[in-house]
*Asks:* 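Quick one: structure below, then a few questions.
So that the names make sense, note that chain A is the first sequence line, chain B the second, and so on, each numbered from 1.
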Amino acid sequence: MSEERSLNFIEELIEADLKSGKCKSLVTRFPPEPNGYLHIGHAKAICLNFGLTKKYGGYTNLRFDDTNPVTEKTEYVNSQQEDIKWLGFEWKNELYASDYFDQLHGYAVKLIEKGLAYVDHSSAEDIATQKGTPTVAGVANEYRNRTVAENLALFAQMKKGDFEDGTCILRAKIDLSSPNMLMRDPIIYRIKHAAHHRTGTTWCIYPMYDFAHGQSDSIENITHSICTLEYVSHRELYDWFIEKLEIFPSKQYEFARLNLSYTVMSKRKLMQLVNENLVSGWDDPRMPTISGLRRRGYTPASIRAFCEKIGIAKRENLIELGLLEFCVREDLNKTATRVMAVLDPIKLVITNYSQQSEILIGENNPEAEDKGGHREIPFGKELWIEREDFMEEPAKKWFRLAPGATVRLKHAYIVQCNDFVKDENGNVTEVHCTYIPESKSGNDTSGLMVKGTIHWVSVAHAKTAEVRIYENLFTQELPDAAEGDFKDYLNPNSMQVIKNAYIEPYLTGANQDTRYQFIRKGYFCLDKDSNAEKFIFNRTVSLKEAWKPKA
RNA sequence: UGUCCGAUAGUAUAAGGGUAGUACGACAGUUUUUGGUACUGUUUGUCUUGGUUCGAAUCCAGGUCGGACAACCA
């Protein structure tokens with residue numbers, strides 16, 4: 001919380017503005033368009049905007065940028081609100097650009113009256129060609145010289161619904177030869193006979209982004225309107241409207257958006273994955289959406305920590321997915337309840353164990369002050385252990401089971417391997433061991449030292465669960481930049497489903513609010529598809545793997 | 001061919017005319033009943049060429065490279 005860190009460039013600007021009195025208190029906004037689910041890139045913007053007012057005082061509005069009725073839905077409004085709250089932020093006012101449709105319309109009329117806007121009846125293609133190119137100036141058409149009265153009447157007709165979609169549009173009259181294409185008489189109102197998620201059919205003309213965003217900021221007295229780099233060239237227009245309309249001068253500042261390796265970060269592409277059923281939905285645990293990360297088991301704190309670590313700058317960047325994983329591990333390590341589960345079982349038989357079974361005690365979290373409390377773990381003559389924890393011919397520096405080798409069974413006894421059984425295909429099916437009764441966890445008097453400790457689940461007491469192991473959704477670091485379609489690079493192994501994993505009985509009481517560490521395997525959480533008969537666990541992230549057998 | 005933005009270890013981000021630092025990664029070691037965690041150490045960097053200056057990552061000029069901009073999307 002109180003971590004010392006140097007200021008990023010936006011914080012420096014704000015501190016200067018606060019100090020000089022240029023602004024008395026800070027007002028920011030987070031302005032999503034409700035046309036999709038929020039993703040980790042939005043989380044960066046959310047943490048920035050809300051974090052700034054948390055740090056410097058003032059407040060942040062949530063404003064939905066809902067000026068295009070054909071792509072926007074209430075479903076998205078709701079999910080976006082849920083995600084922001086889940087991340088741990090509170091907005092001061094819940095607002096909508098559509099709240100300002102009347103006011104925005106008035107601004108358009110004002111511009112027309114000032115001779116700074118006109119109704120253009122050209123086709124979309126004509127307007128595009130008349131705009132020229134970045135190196136060739138645009139040319140004016142016959143509509144540019146319509147009189148104020150004519151424009152006023154025509155705009156009123158547009159509003160009344162006298163025209164079909166696409167018949168004409170309202171353009172600002174700025175500069176057709178500007179080197180900034182956005183200043184070449186940008187379109188500010190278009191006709192769309194479409195129902196809006198909030199205003200219904202009240203309107204059939206809707207303002208464009210550039211004519212809505214800055215003015216909405218201004219109406220709300222936003223002092224620092226923070227957006228991503230692709231809006232840099234919009235700033236000139238943003239300032240132009242505010243100046244000509246003579247309204248509160250909000251200022252726009254741009255930072256570099258987040259790019260994450262092995263994922264895509266555009267709502268359009270994420271929607272494609274959803275619509276083409278390449279994932280199970282917006283909240284598929286492989287998705288970089290907030291809802292996907294939530295279902296995957298990421299915590300709000302881990303995502304906030306990640307956004308803090310990546311920093312804010314103007315340089316294009318590609319963050320390694322490993323940093324996000326580091327952040328969850330760091331958080332989960334402190335809080336996750338340790339349990340044992342065997343994902344790829346073979347049987348271990350303790351040949352000299354004469355009891356039926358016994359109850360052992362295990363601590364729930366070695367990182368917690370009180371060890372996270374303790375739980376009972378049933379132990380018996382036959383145990384499930386991980387196939388990968390036995391090697392018939394041990395590699396160099398192998399600390400686990402092998403003929404003649406000794407290991408500690410976590411929370412239990414030291415065992416020595418004496419024998420093993422193979423099936424007709426040559427696969428090991430059973431490992432036979434003898435245990436050392438004096439080596440019991442907690443009161444080991446054996447004096448034996450072993451290098452390896454492995455996890456296990458008692459065969460007689462094991463419950464089963466489905467376990468879903470996730471890997472990167474894409475095989476390319478930059479799926480967008482790679483040749484061809486980004487979907488060509490979907491990882492076919494991004495989800496591995498283990499139908500019958502064995503879990504210790506304690507996990508029968510698992511709930512969705514608790515994060516678990518399956519000892520030596522990773523962090524897991526209960527999936528929402530679980531029910532009383534079927535447990536489903538999602539692997540949030542593996543443990544850091546420090547040991548690899550050398551060839 | 002135009003305008004705008006940017007360039008510091010593998011990645012990200014500091015240093016704002018005065019010792020190039022931090023985090024992640026990688027590598028090595030210590031501790032450990034998780035080959036986890038924790039701790040210690042090592043490693044690698046100022047795009048380029050000039051200029052200003054006692055002194056430049058920082059200021060200036062030219063170049064190079066990367067990105068953005070010509071939707072009735074946001």
Side-chain angles (χ1 to χ4, degrees), chain A residues 4-8 12 31-33 35 65-68 70-72 97 120 123-124 127-129 131-138 165-171 178-184 186-192 205-206 208-210 212-213 227 229-236 254 256 261 267-268 308-320 322-327 329-330 333-334 338 340 362-363 366-367 397-400 407-414 439 441-442 444 449-455 517-523 542-548:
Chain A
E4 291 285 331
R5 194 208 70 203
S6 50
L7 303 180
N8 62 50
E12 285 179 355
E33 183 189 12
N35 68 345
D65 226 333
D66 55 350
T67 57
N68 185 0
V70 306
T71 56
E72 296 154 6
D120 191 329
S123 67
I127 288 176
T129 48
K131 264 193 184 171
T133 70
T135 50
V136 177
D165 289 12
T167 311
C168 54
I169 42 92
L170 183 70
R171 294 176 81 172
S178 170
N180 182 349
M181 296 298 289
L182 287 164
M183 298 300 278
R184 324 250 263 224
I187 294 167
I188 58 181
Y189 259 95
R190 79 286 216 191
I191 300 166
K192 276 183 193 284
I205 54 171
Y206 293 92
M208 296 286 289
Y209 166 84
D210 286 303
H213 201 101
C227 60
L229 250 31
E230 62 265 37
Y231 291 95
V232 167
S233 55
H234 292 251
R235 191 175 59 232
E236 193 179 355
E254 312 87 10
S261 62
K267 272 194 266 183
R268 205 195 94 245
E308 180 66 28
K309 278 185 203 297
I310 58 179
I312 300 294
K314 299 189 77 158
R315 161 185 357 145
E316 303 279 343
N317 60 81
L318 177 66
I319 308 285
E320 293 171 348
L323 184 61
L324 220 209
E325 297 184 336
F326 166 81
C327 291
R329 287 195 190 104
E330 188 183 41
N333 174 52
K334 290 180 293 196
R338 270 62 171 177
M340 295 195 286
E363 60 190 22
E367 301 299 316
K397 296 249 203 126
W398 177 256
F399 297 162
R400 288 116 90 163
V407 295
R408 157 84 54 189
L409 296 171
K410 180 75 180 172
H411 299 310
Y413 302 91
I414 290 173
S439 67
S441 263
D444 182 348
M449 296 296 287
V450 292
K451 280 267 180 75
T453 299
I454 65 171
H455 61 279
Q517 184 196 101
F518 290 2
I519 290 177
R520 302 208 302 135
K521 297 270 67 171
Y523 295 99
S542 68
L543 255 29
K544 192 176 162 189
E545 290 179 50
W547 189 81
K548 296 168 201 87

*Asks:* Of the listed nucleotides (B:U37, B:A14, B:A12), which one gets closest to any side-chain atom of A:Asn8?
*Replies:* B:A14

*Asks:* Under a 3.5 Å limit for both distances, which nucleotide forms a Watson-Crick or G-U wobble pair with B:A14, could you say?
*Replies:* none

*Asks:* Using whole Å, what does the distance between atom P of nucleotide B:A74 and atom CG of A:Asp210 come to?
*Replies:* 9 Å

*Asks:* Can you find a donor-acceptor N/O pair under 3.5 angstrom joining the side chain of A:Arg400 to the base of B:G35?
*Replies:* yes

*Asks:* Nearest to the side chain of A:Arg190, which nucleotide is it out of B:A74, B:G25, B:A70?
*Replies:* B:A74

*Asks:* Evaluate the ring planes of A:Tyr209 and A:His234, with Trp represented by its six-membered ring, and classify them as parallel (under 30°), tilted (30 to 60°) or perpendicular (over 60°).
*Replies:* perpendicular

*Asks:* Expressed as a whole number of Å, how far does the C1' atom of B:A20 sit from that of B:A28?
*Replies:* 25 Å

*Asks:* Find out whether A:Asp65 and A:Pro31 are in side-chain contact, i.e. whether some heavy atom of one side chain is under 4.5 Å from a heavy atom of the other.
*Replies:* yes

*Asks:* Under a plain distance cut-off of 3.5 Å, with no hydrogens placed, do A:Glu72 and A:Thr67 share a side-chain donor-acceptor pair?
*Replies:* no

*Asks:* Examine the base of B:U34 for any acceptor or donor lying under 3.5 Å from a partner atom in the side chain of A:Arg338, and report the outcome as yes or no.
*Replies:* yes

*Asks:* Quote, to the nearest angstrom, the C1' distance that separates B:U52 from B:G17.
*Replies:* 11 Å

*Asks:* Does the structure show a Watson-Crick or G-U wobble partner for B:U52, both distances under 3.5 Å? Name it, or say none.
*Replies:* none

*Asks:* Within the structure shown, what part of the strands sits under 4.0 Å from A:Gln517 by heavy-atom distance: base, sugar-phosphate, or nothing?
*Replies:* base

*Asks:* Taking atom C1' in both B:G41 and B:U46, what distance in whole Å separates the two?
*Replies:* 25 Å

*Asks:* How would you label the contact of A:Phe399 with the nucleic acid (heavy atoms, under 4.0 Å): base, sugar-phosphate, or nothing?
*Replies:* base

*Asks:* Measure distances between side-chain N and O atoms of A:His234 and base N and O atoms of B:A68, and say whether any donor-acceptor pair falls under 3.5 Å.
*Replies:* no

*Asks:* Hunt down the Watson-Crick or G-U wobble partner of B:A20, both distances under 3.5 Å, from any strand shown, or write none.
*Replies:* none

*Asks:* On RNA chain B, check which nucleotide each of A:Glu230 and A:Glu320 is closest to and give me the residue with the more 5' one.
*Replies:* A:Glu320

*Asks:* Quick check for you: to the nearest 0.5 Å, what is the distance between A:Ile169 atom CD1 and A:Asp120 atom CG?
*Replies:* 4.5 Å

*Asks:* Counting only Watson-Crick or G-U wobble pairs whose two distances fall under 3.5 Å, which nucleotide matches B:U37?
*Replies:* none

*Asks:* Does B:C65 have a Watson-Crick or wobble partner in any strand here, with both distances under 3.5 angstrom, and which is it?
*Replies:* B:G6

*Asks:* Is any N or O donor-acceptor pair between the side chain of A:Glu325 and the base of B:G25 shorter than 3.5 Å?
*Replies:* no

*Asks:* Taking only N and O in the side chain of A:Arg315, is any of them less than 4.0 Å away from OP1 or OP2 of B:U8?
*Replies:* yes

*Asks:* Determine whether any donor atom in the side chain of A:Arg408 lies under 3.5 Å from an acceptor atom in the base of B:U33, or the reverse, and answer yes or no.
*Replies:* yes

*Asks:* Let me spell it out: for each of A:Tyr231 and A:Tyr523, pick the nucleotide of RNA chain B with the closest heavy atom. Which residue's pick is nearer the 5' end?
*Replies:* A:Tyr523

*Asks:* For B:A74, does either OP1 or OP2 sit under 4.0 Å from a side-chain N or O belonging to A:Thr67?
*Replies:* yes

*Asks:* Is there a donor on the side chain of A:Glu545 or the base of B:G36 sitting less than 3.5 Å from an acceptor on the other?
*Replies:* no

*Asks:* If we take the C1' atom in both B:G10 and B:G25, what is their distance in whole Å?
*Replies:* 7 Å

*Asks:* Within the stacking criterion (centroid distance below 5.5 Å, interplanar angle below 30°), does A:Trp547 stack on B:G35?
*Replies:* yes

*Asks:* Checking contacts here: which listed nucleotide (B:A70, B:A74, B:G35) is nearest the side-chain heavy atoms of A:Glu33?
*Replies:* B:A74

